Amino acid sequence: MMNSSCGTRFAFLVLFLIAAQSVAVYAGSFHKDVQIHWGDGRGKVRDRDGKLLSLSLDKSSGSGFQSNQEFLYGKAEVQMKLVAGNSAGTVTTFYLKAPGTVWDEIDFEFLGNISGHPYTLHTNVYTQGSGDKEQQFHLWFDPTKNFHTYCITWNPQRIIFTVDGSPIREFKNSESIGVPFPKNQPMRVYASLWEAEHWATRGGLEKTDWSKAPFTAFYRNYNVEGCVWANGKSSCPANSPWYTQTLDQRGIDKVKWAQSKYMVYNYCTDTKRFPQGVPKVCT
């Protein structure tokens, strides 16, 4: 009886460990879970526990980090405090991206501005190397004063962008009408701070004031729950809440609220850009 009980417990433990390998939850250590892959010392983990990281930009270089693991579907979340003061020409990011020339990508990009003017939150989805799905927002708070939480949920049916737990955008899987959806290419999580003064602020009219450098943004409480890509495959059970996450009526209403009050650009309404008709996904 004792041997049978121990055997049962051992079998359960083995199954648990196998399941734990197929779905990884990273509750966040910048020391263990990411690599500062460019910036020559401008990216720094600020504490012993690996909860706080800073990225800096000066005239010579920006900086960035990437996740050690690749994921095929997942939920990536971080808290950020953006460059304060005159941040014109700077771009601070948190995104997922696959390698190659025909890549998939899901973007949060924060476009800096001159002092006293709001950041622009730029969102986009690339599929097979093609973007052109931009929606932009002015946030309802100052993202430089405190940390705020930004999250990308990517599952087989939709991509949901949330800010402080409130959804602001949903990009649905519309393959049924011929719209590509990112589903085949594993992605890493990336973050960066870099200079794009030729387009980032008012279409390039406002240039970077390098006398204010170095510019610094802060990241904390990095957390990824996803399906780790390993040995050419990813096993993703459907019992993780994010894997089947949808927007209920309350979530839909929050998206409508954010888009009606704070959206400043929507590719779906840009008839000058798409004179032959807006993309099919918009209809």
Side-chain angles (χ1 to χ4, degrees), residues 30 34-46 52-66 76 78-97 103 105-126 131-150 152 161 163 168-169 188-220 222 262-267 270 273:
F30 285 118
V34 309
Q35 172 189 354
I36 299 173
H37 65 298
W38 68 285
D40 193 24
R42 292 172 179 82
K44 298 177 181 178
V45 180
R46 294 283 187 158
L52 179 66
L53 181 149
S54 65
L55 297 178
S56 292
L57 163 71
D58 57 35
K59 201 165 187 177
S60 297
S61 178
S63 52
F65 68 81
Q66 66 178 29
V78 77
Q79 294 181 326
M80 299 170 62
K81 185 162 71 170
L82 304 183
V83 175
N86 186 347
S87 58
T90 69
V91 180
T92 310
T93 71
F94 181 65
Y95 63 103
L96 290 84
K97 186 176 184 294
W103 73 99
E105 183 175 341
I106 306 169
D107 290 338
F108 271 130
E109 295 185 328
F110 300 84
L111 313 183
N113 213 331
I114 58 175
S115 298
H117 292 262
Y119 266 82
T120 297
L121 170 54
H122 176 98
T123 67
N124 202 358
V125 176
Y126 283 77
D132 300 332
K133 306 176 192 70
E134 304 93 339
Q135 290 183 352
Q136 296 182 340
F137 302 81
H138 285 163
L139 295 165
W140 50 95
F141 53 82
D142 183 345
T144 72
K145 296 295 185 184
N146 297 294
F147 284 92
H148 293 269
T149 304
Y150 305 94
I152 296 169
F161 298 80
V163 176
I168 63 168
R169 178 178 184 180
R188 292 188 191 273
V189 182
Y190 291 88
S192 59
L193 174 57
W194 52 287
E195 174 271 320
E197 67 175 11
H198 59 288
W199 66 270
T201 307
R202 294 183 60 214
L205 293 177
E206 302 290 349
K207 303 300 184 183
T208 304
D209 181 355
W210 292 110
S211 71
K212 301 295 192 294
F215 304 99
T216 303
F218 295 90
Y219 296 76
R220 75 178 185 189
Y222 171 84
Y262 298 101
M263 181 180 283
V264 295
Y265 177 80
N266 184 2
Y267 76 109
D270 193 342
R273 183 179 176 188

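Just so it is clear, the model here is predicted, and its values are computed rather than measured.
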Contact between [X] and [Y] at the side-chain level, heavy atoms closer than 4.5 Å - yes or no?
X: W38; Y: F65; value: no
X: V45; Y: V34; value: no
X: L193; Y: V91; value: no
X: Y265; Y: D270; value: yes
X: P143; Y: Y150; value: yes
X: L52; Y: F147; value: yes
X: L111; Y: W199; value: yes
X: N113; Y: Y119; value: no

Determine the minimum heavy-atom distance between [X] and [Y], stating which atoms define it.
X: T120; Y: V264; answer: CG2-CG2, 4.5 Å
X: V83; Y: T144; answer: O-CG2, 3.2 Å
X: K59; Y: W210; answer: N-CZ3, 3.4 Å
X: L96; Y: A76; answer: CD1-CB, 4.3 Å
X: T93; Y: M80; answer: O-CE, 4.2 Å
X: N86; Y: S115; answer: N-OG, 3.1 Å

Gap between atom [atom2] of [Y] and atom [atom1] of [X] - 0.5 Å precision:
X: L205; Y: E197; atom1: CG; atom2: CD; answer: 11.5 Å
X: Q66; Y: H37; atom1: CD; atom2: NE2; answer: 4.5 Å
X: R46; Y: R220; atom1: CZ; atom2: CZ; answer: 14.5 Å

Exercise. Quick one: salt bridge (charged side-chain N to carboxylate O under 4.0 Å, His left out) partners of R42, sequence neighbours excluded?
Worked result: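 So R42 forms a salt bridge (charged side-chain N to carboxylate O under 4.0 Å, His left out) with D58.
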Exercise. Are the charged groups of K97 and D107 less than 4.0 angstrom apart, N to O?
Worked result: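 Result for this pair is no, no salt bridge flagged.
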Problem set entry | Check ion pair E134-R273 (N to O, under 4.0 angstrom) |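 Answer for the salt bridge query: yes.
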Residues [X] and [Y]: side-chain donor-acceptor under 3.5 angstrom:
X: Y219; Y: S54; answer: no
X: Q79; Y: T149; answer: yes
X: Y267; Y: N124; answer: no
X: S63; Y: S56; answer: no

For this session: Can you establish whether the number of heavy atoms outside K44 located under 6.0 Å from its atom NZ is more than 12?
Result: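 Atom NZ in K44 is not crowded, with 12 or fewer foreign heavy atoms closer than 6.0 Å.
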Problem set entry | Q135: which of V125, N266, I168, L121 passes side chain to side chain contact (heavy atoms under 4.5 Å, CB included) |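 When side chain to side chain contact (heavy atoms under 4.5 Å, CB included) is applied between Q135 and each of V125, N266, I168, L121, only N266 qualifies.
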For this session: Could you check E105 against K133 for salt bridge (Lys or Arg N to Asp or Glu O under 4.0 Å), going step by step and ending with a plain yes or no?
Result: CA-CA 11 Å; E105 183 175 341; K133 306 176 192 70; over 6 Å; no
Exercise. Quick check: does any side chain N or O of T90 sit under 3.5 Å from a backbone N or O of S87, one acting as donor and the other as acceptor?
Worked result: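 It does hold such a pair.
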Problem set entry | Sole residue of Y190, F161, Y95 in ring pair (Phe, Tyr, Trp, His ring centres under 6.0 Å) with F108 |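 Testing F108 for a ring pair (Phe, Tyr, Trp, His ring centres under 6.0 Å) against Y190, F161, Y95 leaves exactly one candidate, F161.
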Problem set entry | Candidate list Q136, R169, E109, test side-chain hydrogen bond (donor to acceptor under 3.5 Å, both in side chains), partner T123, passing option |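 Of the listed residues Q136, R169, E109, the side-chain hydrogen bond (donor to acceptor under 3.5 Å, both in side chains) partner of T123 is R169.
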Problem set entry | Within the 6.0 Å centroid threshold, strictly below: H148 and F141 |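 Under 6.0 Å, so yes.
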